[in-house]
2 protein chains.
Amino acid sequence: MPTIHDVARESGVSITTVSMVLNKGSRPVSAEARRRVLEAARALNYTPNANARALVSRRIRSVGVVFGTNQTGLNLVNPYISAVLQGVLDAATEREHNIGLYTRPWRDAERDAAAFRDGRADGVLIFAPVLGSDLVPGIAALGMPLVVVSGPSGEPEVPYVDVDNAHGVRLAVEHLLGLGHRRIAHLMGNLDQANVLERRDAFCAALGEAGVSVPPEYLVAGQYNEVSGRENTRRLLDLPEPPTAIFAGNDVLAIAALDAARERGLRVPEDLSVVGFDDIPAASLVTPALTTVFQPLTEIGAQATRLLIDVLDGRPADPGGVLLEPKLVVRGTTAPPPPSVLSSP
Amino acid sequence: MPTIHDVARESGVSITTVSMVLNKGSRPVSAEARRRVLEAARALNYTPNANARALVSRRIRSVGVVFGTNQTGLNLVNPYISAVLQGVLDAATEREHNIGLYTRPWRDAERDAAAFRDGRADGVLIFAPVLGSDLVPGIAALGMPLVVVSGPSGEPEVPYVDVDNAHGVRLAVEHLLGLGHRRIAHLMGNLDQANVLERRDAFCAALGEAGVSVPPEYLVAGQYNEVSGRENTRRLLDLPEPPTAIFAGNDVLAIAALDAARERGLRVPEDLSVVGFDDIPAASLVTPALTTVFQPLTEIGAQATRLLIDVLDGRPADPGGVLLEPKLVVRGTTAPPPPSVLSSP
DNA sequence: TTGTATGCGTTATCAA
DNA sequence: TTGATAACGCATACAA
């Protein structure tokens with residue numbers, strides 16, 4: 001592989017000059033020297049070695065991606081994750097950075113945080129860290145530039161980008177309330193995720209303000225997957241006083257709820273209304289199409305990435321978090337509750 | 001950031017010894033020295049700098065990912081791509097390699113191939129290169145280890161991993177033939193992709209062997225997206241003698257066909273049968289659920305990655321390609337053709 | 001306008 | 001069993 005020395009020799013100049021022209025350095029280079037360098041570089045198919053360059057410049061122009069939920073590993077098939085990663089990719093491309101995916105499993109910050117400071121990336125994006133994990137403070141303490149994507153960072157100095165969960169939930173609940181629903185249940189993911197708690201609290205708050213009480217059995221926790229969604233929906237429908245509407249913590253859960261309802265012979269939206277969260281591609285494919293809260297996943301990934309690269313470039317980031325606005329997308333799974341219920345005691 | 005020198009000083013040994021114990025080097029180290037080094041390394045939160053290491057060892061334990069269709073950029077939201085990338089991720093994790101996503105736009109090999117040899121990755125995975133692109137031969141000519149994912153490499157020395165397209169198509173066509181269909185159309189993606197050509201050829205061959213002729217207007221090319229799928233399906237349904245079954249080149253096209261059929265008031269599968277290809281998650285979510293040809297996307301990504309890392313580790317890869325087996329998944333969009341058609345001339 | 005020399009943090013070679 | 005020291009390929013301070 002050709003090195004800067006080869007280019008220098010070939011073009012009859014010093015390696016400094018080669019470096020200067022290839023890096024658009026500030027120092028003056030004669031037109032002739034420049035021409036020769038460029039020609040030689042092209043002839044030799046020369047590309048600077050990023051590692052050598054990083055070693056001296058302390059910058060490699062790559063952003064690292066770390067997955068907060070290390071237990072399960074990254075799941076790109078999860079449309080939520082891939083949409084966010086797409087945003088990261090877009091922004092990184094636009095700012096001329098590569099992306100590095102850290103694959104090494106980690107357990108705790110004490111032991112593993114330092115591994116993310118191995119020089120492969122200039123800064124790190126942490127995807128949806130689980131609540132109570134010490135990874136974020138651990139990496140931050142090492143002085144590694146850090147931004148949290150899809151979740152609060154928990155640390156005042158660590159910026160984060162997320163959707164405004166409280167606002168999104170409010171949109172969903174108010175929609176259901178407006179249709180006349182009063183018996184509204186909430187299908188939740190795992191309580192070790194911050195967004196699950198945020199959505200639950202916002203759910204209770206929104207209903208509370210409307211003077212609607214939430215029986216504890218209407219709040220069902222589980223996982224953000226189909227199996228959990230189906231089981232918990234069945235549980236809900238088996239209640240002596242089943243809900244007339246279900247607000248699911250995400251679309252996967254909502255789609256599972258659709259399935260479970262159908263299995264029970266309930267028509268959606270006539271007998272049961274369902275609202276999701278995320279607006280993943282599948283939401284518009286199911287029948288009837290899912291009413292859901294859209295969150296700008298790609299934009300969340302992109303903003304977090306821009307924020308991180310700003311920090312890397314020495315532009316200080318505003319402390320605190322950035323909350324992007326969700327949007328209610330009304331489709332076919334919501335309608336007024338059945339009359340029988342309206343007139344019941 | 002602590003360096004190997006800090007660890008050496010802290011533990012009272014030379015950097016050579018530190019390097020030896022941290023890399024499980026072959027040379028003997030006293031138990032006492034080893035203990036002290038380990039202790040110091042942990043106390044200092046030391047992590048070896050991957051760039052410095054790569055510079056001398058010429059190995060960084062990262063695999064690069066390059067997207068063959070550079071025009072549109074990577075689209076992770078495309079479930080096809082994300083499933084393959086997931087497999088890459090799994091295999092890289094298992095073999096203790098990181099993943100680097102190359103984001104720089106490229107045009108032609110002559111100008112851009114060398115950029116992938118910048119030392120950030122030891123070898124490169126090219127995703128679905130477009131037909132006629134000189135990128136694969138270009139990178140290969142530079143001596144960079146290379147494996148093509150989801151597509152033929154076109155070069156005898158460059159290994160590739162893909163699904164057995166011909167077999168998959170045969171499964172689909174034989175299923176439709178077995179149901180009694182004779183008027184079968186094929187919705188295609190862009191003809192600049194190898195798999196599109198392979199599927200088309202296999203389609204014609206399978207029907208030909210069964211003695212069924214394929215009128216040219218039954219072969220419609222477009223793009224692998226919904227808009228194209230919908231338009232081309234309408235075109236097909238508007239034919240004087242419309243098909244009774246549509247074999248779509250991928251699931252996105254098939255789902256679009258479902259939509260277009262519904263729009264025309266046709267019932268699926270009673271009036272029209274539809275078969276897809278890929279078995280993306282959405283395939284089982286649509287109503288009725290899509291009959292399709294499953295391809296092991298994640299496994300394709302994983303095998304390609306293992307192949308590449310084998311090469312990097314000095315284990316020579318078998319030349320040629322690896323073709324993984326598809327599987328027919330019969331769901332709700334296929335049935336015998338309507339009787340009126342059977343009895344028509 | 002240009003070149004020489006130093007150091008970035010490692011691994012590996014040599015000598016002890 | 002251990003320690004100097006020379007690369008690795010590059011950017012840059014210093015010198016000319």
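Below, read A as the first sequence line, B as the second, and so on, with proteins coming before strands; counting in each chain starts at 1.
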Point to revise | Nucleotide-resolved protein contact map, nucleotides 10-16 of chain C, B/S/- at heavy-atom distance under 4.0 Å | key: BBB----
Point to revise | Estimated bend of the helix from C:dT1-D:dA16 to C:dA16-D:dT1 (axis per five terminal pairs, rounded to 10 degrees) | key: 40°
Point to revise | Phosphate-side-chain proximity, A:Thr17 and C:dT1, N/O vs OP1/OP2 below 4.0 Å | key: no
Check your understanding: Salt bridge or not for A:Arg34 and A:Glu39, using N-O below 4.0 Å?
Key -> no
Check your understanding: Is the closest basic N to carboxylate O distance between A:Glu94 and A:Arg306 below 4.0 Å?
Key -> yes
Study note, to complete from the structure: On DNA chain D, more 5' by nearest nucleotide between A:Met1 and B:Ser30 is B:Ser30
Point to revise | Pair B:Arg53-B:Asn23, side-chain donor/acceptor within less than 3.5 Å | key: yes
Review point. Under the salt bridge (Lys or Arg N to Asp or Glu O under 4.0 Å) test, which residues partner A:Glu157, sequence neighbours left out?
Key: none
Review point. C:dC8 P sits how many Å from A:Arg58 CZ, rounded?
Key: 7 Å
Practice item. Please tell me if the side chains of A:Leu101 and A:Val66 come closer than 4.5 Å, counting only heavy atoms from C-beta onward. Key: no
Point to revise | Of all pairs that satisfy side chain to side chain donor-acceptor pair (under 3.5 Å), the ones with a partner from residues 131-150 of chain A, not counting sequence neighbours | key: A:Tyr80-A:Ser150
Practice item. Check ring pair (Phe, Tyr, Trp, His ring centres under 6.0 Å) between B:Tyr224 and all other residues, then give those that pass, not counting sequence neighbours. Key: none
Quick check: are there more than 12 heavy atoms from other residues, nucleotides or ligands sitting under 6.0 Å from [atom1] of [X]?
| X | atom1 | value |
| --- | --- | --- |
| B:Arg42 | CZ | no |
| B:Asp318 | CG | no |
| A:Glu32 | CD | yes |

Check your understanding: Which is the 5'-most and which the 3'-most nucleotide of DNA chain D that has an atom under 4.0 Å from a heavy atom of chain B?
Key -> D:dT1 to D:dG9
**Study point:** Sugar-phosphate, base or nothing in reach of B:Ala54, heavy atoms under 4.0 Å
**Key:** nothing
